[in-house]
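Shown next, in structure tokens, is the structure this report addresses.
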Number of protein chains: 2
Amino acid sequence: MKRDPDSSKDLSAQIAAAIRDEIMSGKLIVDARLPSEAELAEHFAVSRPTVREALKRLAAQSLIRTQRGATGGAFVNRLSFEEAYGQQITTSTLLLSMNAVSFDVACEARFALERACAPLAAARRRPEHLAQMRREIARQSDPALSDEDFCASDVALHRALVDGSGNPVLSYHLAGAVEAMQPLMNMITFTARSRGAIIDLHSRITDAIEAQDAGSADTALCELADYTMTLGRDVMAARSTRAADHSRGTPD
Amino acid sequence: MKRDPDSSKDLSAQIAAAIRDEIMSGKLIVDARLPSEAELAEHFAVSRPTVREALKRLAAQSLIRTQRGATGGAFVNRLSFEEAYGQQITTSTLLLSMNAVSFDVACEARFALERACAPLAAARRRPEHLAQMRREIARQSDPALSDEDFCASDVALHRALVDGSGNPVLSYHLAGAVEAMQPLMNMITFTARSRGAIIDLHSRITDAIEAQDAGSADTALCELADYTMTLGRDVMAARSTRAADHSRGTPD
DNA sequence: TGAAAATAAATTGTCAGACAATTAGCTTCC
DNA sequence: GGAAGCTAATTGTCTGACAATTTATTTTCA
């Protein structure tokens with residue numbers, strides 16, 4: 001375990017990288033205990049605060065966990081699916097919001113991936129997945145629901161569909177794609193008519209999944225993708241029209 | 001910007017969470033400068049080392065970057081696709097290696113997602129994507145190539161295919177799925193025969209993408225998925241047979 | 001006057017040492 | 001035997017200091 005001496009990075013970054021390599025290469029296995037902070041400080045010839053900064057970097061990625069007390073220390077953490085979901089969602093959401101990713105591109109990616117899950121979900125969905133989807137459809141049918149909650153329910157329904165594939169790795173990869181769309185969807189104002197259309201498509205998808213009819217599910221998903229993109233384009237068009245009006249001095 | 005007072009987490013984790021919320025909610029926009037460490041320490045009523053640990057946590061997730069000097073400080077970082085790829089790959093690789101995910105499950109997820117890219121790639125692939133794929137096929141045809149390099153080239157080919165979809169968000173989501181398979185693929189010993197079969201399928205896929213024939217590309221991808229899973233199952237079978245022999249005391 | 005050089009100021013990076021809080025294990029006492 | 005207390009190890013946090021780096025300002029000199 002050695003840090004790169006002629007690196008331009010911070011000491012704490014170098015040390016974090018050295019330990020990360022040990023973990024990713026399998027030299028440090030799950031639940032293995034790292035040397036104490038004092039020992040690491042001595043080993044790398046740095047001070048304890050510097051070691052601590054390095055450890056916090058690793059903790060931020062859920063690579064280690066720490067425990068106080070006599071038998072405490074830093075331990076290699078088994079990255080759980082839950083933690084991985086969380087990181088996936090954080091990264092995906094920021095990537096989309098910070099890079100001016102167009103609604104169309106994000107939507108295309110999301111539905112392309114979701115369509116990949118549909119056949120598996122149709123084959124393997126279990127009663128709880130169907131129940132979850134029906135529950136969300138019921139929620140969405142409440143006209144008192146705010147646009148934001150409508151989007152949240154939309155996300156929940158789609159995650160249930162993805163989970164129906166019975167492949168946790170697939171669920172993990174899709175988590176970011178589905179959740180990161182929520183902020184973009186929140187820009188849309190859902191009229192009673194558009195809600196009705198979406199709920200109708202959600203019902204068709206759920207019915208198809210229940211009937212294990214992958215073809216119908218795919219068709220409905222494609223229609224939903226088209227419809228969602230249309231809504232997105234309408235918002236963009238309205239926005240640019242308003243901006244143009246503003247620049248010409250037209251009142252609101 | 002306030003930290004949760006009755007949280008069981010570390011102070012540095014609470015502060016990191018508070019700042020992360022500000023970034024994710026958009027209150028701190030890209031390139032905005034955070035208060036200096038001394039100011040943050042005063043604001044949160046903690047010491048500077050604690051603030052620094054919090055900032056390192058955020059830096060580990062590429063949420064901020066720091067700069068020394070008079071006009072330096074911590075700035076909200078625009079999460080680039082490159083950085084997001086990296087985090088995606090790290091997380092995916094660890095998730096698979098630490099959770100005893102079966103080869104089949106990981107493989108199924110990967111090919112399901114990749115099949116979702118194929119139609120888009122067939123429609124939009126550009127010459128550089130085809131060239132990259134051909135180049136990797138040529139590399140793979142060299143019998144002197146080690147198994148590890150063969151896998152690396154395999155990953156490179158599939159990433160070129162994914163990038164051919166022309167959707168960077170899709171490429172981002174697939175990066176983890178494709179790259180994280182590499183350690184699992186490395187467990188397989190590729191015979192000349194299996195290499196030939198794989199290269200043949202790679203060629204068919206590339207030809208189909210070049211001909212913009214999404215159907216043929218999908219068929220070849222499915223065959224490749226089946227073949228890869230067969231190889232994986234053979235390895236597992238051989239391994240369990242050997243283990244059983246060992247437990248009965250049979251010599252190697 | 002203009003440009004180069006020196007200086008000052010602000011900020012992060014690093015260090016040393018200390019004490020608090022927590023936890024496991026051991027010891028002592030009943 | 002069990003409960004209470006003590007001890008040791010370890011992480012969590014604080015204080016204060018100095019080094020390194022970068023920008024802005026001032027001074028100096030041609």
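Naming: A, B, ... by sequence-line order, numbering from 1 per chain.
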Only pairs under 3.5 Å count here: list side-chain donor-acceptor contacts from residues 100-108 of chain A, not counting sequence neighbours, and write none if there are none.
{"unit_1": "Ser102(A)", "atom_1": "OG", "unit_2": "Val105(A)", "atom_2": "N", "d": "3.1"}
{"unit_1": "Asp104(A)", "atom_1": "OD2", "unit_2": "Arg233(A)", "atom_2": "NH1", "d": "2.6"}
{"unit_1": "Glu108(A)", "atom_1": "OE1", "unit_2": "Arg124(B)", "atom_2": "NH2", "d": "2.5"}
{"unit_1": "Glu108(A)", "atom_1": "OE2", "unit_2": "Arg124(B)", "atom_2": "NH1", "d": "2.9"}
{"unit_1": "Glu108(A)", "atom_1": "OE2", "unit_2": "Arg124(B)", "atom_2": "NH2", "d": "3.3"}
{"unit_1": "Glu108(A)", "atom_1": "OE2", "unit_2": "Asn167(B)", "atom_2": "ND2", "d": "3.0"}

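Residues satisfying the side-chain contact (heavy atoms from CB on, under 4.5 Å) criterion with Glu83(B), sequence neighbours excluded, are Ser62(B), Asn77(B), Leu79(B), Ser80(B). For Arg57(A), there are no salt bridge (charged side-chain N to carboxylate O under 4.0 Å, His left out) partners at least two apart in sequence or on another chain. When the side chain to side chain donor-acceptor pair (under 3.5 Å) test is applied to Ser92(B), the partners found at least two apart in sequence or on another chain are Tyr172(A). The side chain to side chain donor-acceptor pair (under 3.5 Å) search around Asp147(B) returns Arg195(B), not counting sequence neighbours. Under the rule for a side chain to side chain donor-acceptor pair (under 3.5 Å), the partners of Thr91(B) that lie at least two apart in sequence or sit in another chain are Gln87(A). Residues satisfying the side chain to side chain donor-acceptor pair (under 3.5 Å) test with Arg78(B), not counting sequence neighbours, are none. Partners of Lys2(B) under the side-chain contact (heavy atoms from CB on, under 4.5 Å) rule, at least two apart in sequence or in another chain, do not exist in this structure. Every side-chain contact (heavy atoms from CB on, under 4.5 Å) that Thr90(B) has, sequence neighbours left out, goes to Met24(A), Leu94(B).
Put simply, Arg48(B) has no side-chain N or O that comes within less than 4.0 Å of OP1 or OP2 on dC14(D). Dashed line: the shortest gap from a side-chain N or O of Lys56(A) to OP1 or OP2 of dG12(D) is under 4.0 Å.
Rounded to whole angstrom, the span from the CD atom of Gln14(B) across to the C1' atom of dG12(D) amounts to 12 Å. In this structure, Asp10(B) atom CG and dC14(D) atom C1' are separated by 15 Å, rounded to whole Å. Phe75(A) has its CZ atom 10 Å from the P atom of dT10(D), to the nearest Å.
Ion pairing between a basic and an acidic side chain is recognised when a charged N comes within 4.0 Å of a carboxylate O; Asp21(A) and Lys27(A) show no such pairing.
Because its NZ or CZ atom is both nearer than 6.0 Å to the ring centre of Tyr85(A) and within 45° of the ring axis, Arg159(A) counts as a cation-pi partner of that residue.
When DNA chain C is scanned in the 5' to 3' direction for atoms under 4.0 Å from non-hydrogen atoms of chain A, the outermost contacting nucleotides are dG13(C) to dA24(C).
For the contact set between residues 63-71 of chain B and DNA chain D, defined by any heavy atom under 4.0 Å, the members are Arg68(B), Gly69(B), Ala70(B), Thr71(B). Sorted by residue number, the list of members of residues 32-40 of chain B with any non-hydrogen atom under 4.0 Å from DNA chain D is empty.
When each of Gly72(A) and Thr50(A) is assigned the nucleotide of DNA chain C with its nearest heavy atom, Thr50(A) is the one assigned upstream, toward the 5' end.
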